There are 2 protein chains.
Amino acid sequence: MNKSTENIVIIDNAEQLARFAKALGHPTRIAILKHLEKQSCCFTGDLVDIFPLAQSTISQHLKELKNAGLIQGEVNPPKIKYCINKENWKTAKGLFQNFFE
Amino acid sequence: MNKSTENIVIIDNAEQLARFAKALGHPTRIAILKHLEKQSCCFTGDLVDIFPLAQSTISQHLKELKNAGLIQGEVNPPKIKYCINKENWKTAKGLFQNFFE
DNA sequence: ATTTCCAATCGTAAAAGTACGATTGGAACT
DNA sequence: AGTTCCAATCGTACTTTTACGATTGGAAAT
């Protein structure tokens, strides 16, 4: 069982919404996601160039987005290509939409 | 200048979105907002009855929601009636909508 | 004036988040 | 084998969040 995505369905809506919201609760992570939306995909290194943050910090943010299920990484040696996780993205969209009516 | 609401317009979208998201990033706060949506308004005490949390903890969550601009409190002695801040709610809704396309 | 009631604030403790530099790991090249 | 490259992870420091009980403050009622 993949901790980051598989258990989304079994936990209650409020918790799932809070989970997504928490992942979105940092300007850098919003910016990363916006960038991924635009680019469709990108590498960690690209982000390190764009943001004035250490590589380890970017990596940490990516990890959180991945744990929340909002992105996924595809190994593309020697790089790792990050993309929006479209399925969960849709789920998140729906939850927020529903929440705000 | 009211710190919680007035400066929303002047800060960048990503930051504002992150701010709202952060406020939504806790199950209790999601639940409080859902309750406020349903009830239209409510008192702190009502929430203390509903949630298995200390009064001070609820108060703290309300404070954060207020600081984020999502709710507002109207004094209604001896109680305080909390409502959704409709204007900012709309702003938040728009930001999330736009973010998810 | 005192009491009562509601809610904010204070003080505190434990846990989580944010950021950094340094190190490690794995895959592809010399 | 050794080197190079990218990205994850480790170790660390600092800040913020979350939660609690206790205290305070303000308004209404006795």
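Chain identifiers are assigned alphabetically (A, B, ...) following the order of the sequence lines, protein sequences preceding nucleic acid strands; residue numbering begins at 1 within each chain. Here the structure is a predicted model, which is why all the values come from computation and not from measurement.
Residues satisfying the side-chain contact (heavy atoms from CB on, under 4.5 Å) test with B/Gln97, not counting sequence neighbours, are B/Lys93. Residues that satisfy the side-chain contact (heavy atoms from CB on, under 4.5 Å) test with A/Ala14, not counting sequence neighbours, are A/Asp12, B/Ile30, B/Lys34. Every residue two or more places apart in sequence or in another chain that forms a side-chain contact (heavy atoms from CB on, under 4.5 Å) with A/Ser56 is listed here: A/Ala54. In this structure, the side-chain contact (heavy atoms from CB on, under 4.5 Å) partners of B/Ile50, at least two apart in sequence or on a different chain, are B/His35. Annotation: side chain to side chain donor-acceptor pair (under 3.5 Å) contacts of B/Gln60 (sequence neighbours excluded): none. Among residues two or more places apart in sequence or in another chain, the ring-ring contact (aromatic ring centres under 6.0 Å, His included) test is passed with B/Phe99 by A/Trp89.
DNA chain D contains the following stems of three or more consecutive Watson-Crick or G-U pairs, with both distances under 3.5 Å: C:1-30 with D:1-30.
Here D/dA27 presents its C1' atom at 17 Å from NZ of B/Lys81, a figure rounded to the nearest Å.
Residue pairs satisfying the salt bridge (charged side-chain N to carboxylate O under 4.0 Å, His left out) criterion with at least one member in residues 51-65 of chain B, sequence neighbours excluded, are listed as follows: B/Arg29-B/Glu64.
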Legend entry - Protein proximity profile, nucleotides 8-19 of chain D - base contact B, sugar-phosphate-only contact S, no contact -, cut-off 4.0 Å on heavy atoms: BB------SSSB
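Residues A/Phe20 and A/Phe96 keep their aromatic ring centres 6.0 Å or farther apart.
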